[in-house]
Amino acid sequence: MCISISQVSRLRIHSFGSSCCERVHGWIKNSSSLKLLDVRASSVDGKARWIRRNVSTTTQGSRSNTKSSVLGGTVPVTRIIDEESRTKVQPFGNLQQRLAQDKDLSKLLTVIVSDLETTGLHRKNERIIEIAAQDIAGGGYSTFQTLVNPGVVPITNAHIHGIRNDMVCRPEVPRMEELIPIFLRYVESRQKPGGYVMLVAHNGKSFDFQFLINEFNRCSYEIPHNWLLLDSLPLARENMKSVEPTVKLSSSLEALADYYSLTREGDAHRALSDVLLLSKVFQKLTIDLKLSLSDLVLRCHTASDISAAMAKNKKA
DNA sequence: GGCCCTCTTTAGGGCCTT
């Protein structure tokens with residue numbers, strides 16, 4: 001079951017509530033960010049009406065016959081996915097059991113795996129064009145995915161992810177300043193009362209977290225102080241080194257998926273596909289390295305740590 | 001950019017992220 005925010009609005013929110021889990025229903029029903037989407041939709045033709053915000057991936061020319069077929073032709077701009085209903089399985093059972101055994105931290109911590117697609121590799125000049133995240137505990141409405149409108153910044157690496165300017169530079173695709181409060185609401189909906197969030201990304205310290213911090217700063221937001229940032233790449237390197245000390249095995253997400261014989265859903269270098277894969281890889285890594293939740297917390301960074309390093313580098 | 005490795009440490013190349 002896959003629910004897009006635009007579909008929620010189209011269906012009338014109050015009648016939709018009974019089918020949602022309570023937390024997500026609560027923030028959707030009361031969300032000011034949803035009003036933002038409505039205003040934006042209304043501004044397209046000056047009429048106040050709900051619209052479905054889909055972006056067609058059907059393309060003409062060099063790319064994407066393959067991609068379009070894989071993605072099913074269209075994808076919603078922003079959506080929260082009921083992964084539990086979609087997969088009919090508990091994909092992270094082992095980690096859930098381990099979290100449950102850690103009685104103190106498991107009551108406080110929400111682990112969310114994330115991935116970004118961007119207009120390029122430069123941390124300062126490029127922009128985010130797609131975000132996906134998944135609460136590793138699974139359950140209903142645990143997954144978030146959205147395209148992001150980068151404004152005037154051109155996409156020069158569409159050959160990597162297949163996302164082109166004409167797909168995201170559209171009025172119905174939210175800009176980052178509109179999206180941040182929506183993303184914050186999603187994270188809050190997964191958060192335990194008075195708890196902390198561990199955001200996991202592959203090569204996050206050098207890439208994803210720097211992009212997020214820059215975008216939050218640009219839009220006059222701060223990364224919440226109860227967020228911990230965990231880079232899964234050092235875990236992968238440590239694990240692969242322990243597997244084969246004399247030969248340097250690749251620690252890329254793709255190589256890890258091959259090593260663990262994991263199947264990818266969707267296309268590589270699309271945020272949701274990478275998040276679903278990293279969620280599985282992350283679980284395998286924590287098991288192989290015998291890392292407790294406490295161990296993981298000790299390996300986390302804070303946004304202020306990374307911001308300070310970025311500022312130091314900027315001066316240098 | 002940050003990290004790791006080595007033919008290193010007063011450095012440089014490769015990996016990983018898009």
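The chains referred to below are lettered A, B, ... by the order of the sequence lines, with proteins before strands, and numbering in each begins at 1. Computed from heavy atoms alone, side chains included, the values below leave out hydrogens, waters and symmetry copies.
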A.B. asks: Given atom CG of A:Leu249 and atom P of B:dC16, what is their separation to the nearest angstrom?
C.D. replies: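 Checked: the CG to P distance equals 10 Å.
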A.B. asks: Would you compute the distance between atom CG of A:Asn239 and atom OG of A:Ser251 and round it to the nearest 0.5 angstrom?
C.D. replies: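 Answer for the CG-OG pair, A:Asn239 versus A:Ser251, is 8.5 Å.
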A.B. asks: If I pick the P atom on B:dC7 and the same atom on B:dC3, what distance separates them, to the nearest angstrom?
C.D. replies: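 Looking at atom P only, B:dC3 and B:dC7 are 23 Å apart.
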A.B. asks: Distance alone, cut at 3.5 Å: any donor-acceptor contact between the side chains of A:Thr143 and A:Gln134?
C.D. replies: yes
A.B. asks: Within this structure, what is the CG-to-P distance between A:Asn203 and B:dG1, rounded to whole angstrom?
C.D. replies: 13 Å
A.B. asks: Between A:Ser250 and B:dC16, does any side-chain N or O lie under 4.0 Å from OP1 or OP2?
C.D. replies: yes
A.B. asks: Hey, which sits more toward the 5' end of DNA chain B by its nearest nucleotide, A:Ser206 or A:Asp115?
C.D. replies: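 It is A:Ser206, whose closest nucleotide lies nearer the 5' terminus.
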A.B. asks: Quick test of your reading: applying ring-ring contact (aromatic ring centres under 6.0 Å, His included), list the pairs with at least one residue in residues 204-256 of chain A, sequence neighbours left out, ordered by first then second residue.
C.D. replies: A:Phe207-A:Phe211
A.B. asks: I want to verify a distance call: between B:dG2, B:dT18, B:dT17, whose nearest atom is closest to the A:Gln210 side chain?
C.D. replies: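 Closest nucleotide to the A:Gln210 side chain: B:dG2.
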A.B. asks: Report which part of the nucleic acid A:Asp231 touches: base, sugar-phosphate, or nothing (heavy-atom distance under 4.0 Å, all strands).
C.D. replies: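 Nothing, no nucleic acid heavy atom in range.
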A.B. asks: Please answer whether the main-chain N or O of A:Val275 pairs with a side-chain N or O of A:Asp115 as donor and acceptor at a distance below 3.5 Å.
C.D. replies: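 No: the side chain of A:Asp115 does not pair with the backbone of A:Val275.
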A.B. asks: What distance, rounded to whole Å, do you find between the two P atoms, one in B:dT8 and one in B:dG14?
C.D. replies: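 Roughly 15 Å separates the two P atoms.
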A.B. asks: Rounded to whole Å, how long is the line connecting atom CG of A:Leu116 with atom P of B:dT18?
C.D. replies: 9 Å
A.B. asks: Between the base of B:dC16 and the side chain of A:Arg237, is one N or O donor paired with an acceptor at under 3.5 angstrom?
C.D. replies: no
A.B. asks: Roughly, in whole Å, what's the span from CE in A:Met240 to P in B:dC16?
C.D. replies: 10 Å
A.B. asks: Considering every strand and a 4.0 Å limit on heavy-atom distances, what is the contact class for A:Leu253: base, sugar-phosphate, or nothing?
C.D. replies: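 Contact class for A:Leu253: sugar-phosphate only.
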A.B. asks: Do A:Arg270 side-chain and B:dT18 base share a donor-acceptor contact under 3.5 Å?
C.D. replies: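 Such a pair does not exist between side chain and base.
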A.B. asks: When you get a sec, tell me which of B:dG2, B:dT18, B:dT17 is the closest nucleotide to the side chain of A:Ala309?
C.D. replies: B:dG2
A.B. asks: Would A:Gln145 and A:Glu130 count as a side chain to side chain donor-acceptor pair (under 3.5 Å) here? Give the steps.
C.D. replies: CA-CA 8 Å; A:Gln145 181 267 333; A:Glu130 190 175 39; 3.0 Å; yes
A.B. asks: Please determine if a side-chain N or O atom of A:His161 lies less than 4.0 Å away from the OP1 or OP2 oxygen of B:dT18.
C.D. replies: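 No.
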A.B. asks: Measure the distance from NE2 on A:His202 to P on B:dT17 and round it to the nearest whole Å.
C.D. replies: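 A:His202 atom NE2 is separated from B:dT17 atom P by 5 Å.
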A.B. asks: I need the CD-P distance between A:Glu117 and B:dT17, as an integer number of Å.
C.D. replies: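 Distance check: A:Glu117 CD to B:dT17 P gives 11 Å.
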A.B. asks: Between A:Arg264 and A:Asp274, does at least one N-O distance fall below 4.0 Å, as a salt bridge requires?
C.D. replies: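 Salt bridge between A:Arg264 and A:Asp274, a charged N being under 4.0 Å from a carboxylate O: yes.
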A.B. asks: Quote, to the nearest angstrom, the P distance that separates B:dC4 from B:dT17.
C.D. replies: 16 Å
A.B. asks: Mind calculating the distance between CZ (A:Phe209) and C1' (B:dT18) to the nearest angstrom?
C.D. replies: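 In whole Å, B:dT18 C1' and A:Phe209 CZ are 16 Å from each other.
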A.B. asks: Give a yes-or-no answer on whether the side chains of A:Thr119 and A:Arg127 include a donor-acceptor pair shorter than 3.5 Å.
C.D. replies: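 Looking only at side-chain atoms, A:Arg127 and A:Thr119 do not form any donor-acceptor pair under 3.5 Å.
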A.B. asks: OH of A:Tyr259: more than 12 outside heavy atoms within 6.0 angstrom?
C.D. replies: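 Yes, because the 6.0 Å sphere around OH of A:Tyr259 holds more than 12 heavy atoms from other groups.
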A.B. asks: For A:Asn125 and B:dG1, what is the distance between atoms CG and C1' respectively, to the nearest whole Å?
C.D. replies: 13 Å
A.B. asks: Please tabulate the protein-to-nucleotide N/O contacts below 3.5 Å involving nucleotides 5-7 of chain B, giving atom names and distances.
C.D. replies:
{"from": "B:dC5", "atom 1": "OP1", "to": "A:Lys241", "atom 2": "NZ", "distance (Å)": "3.0"}

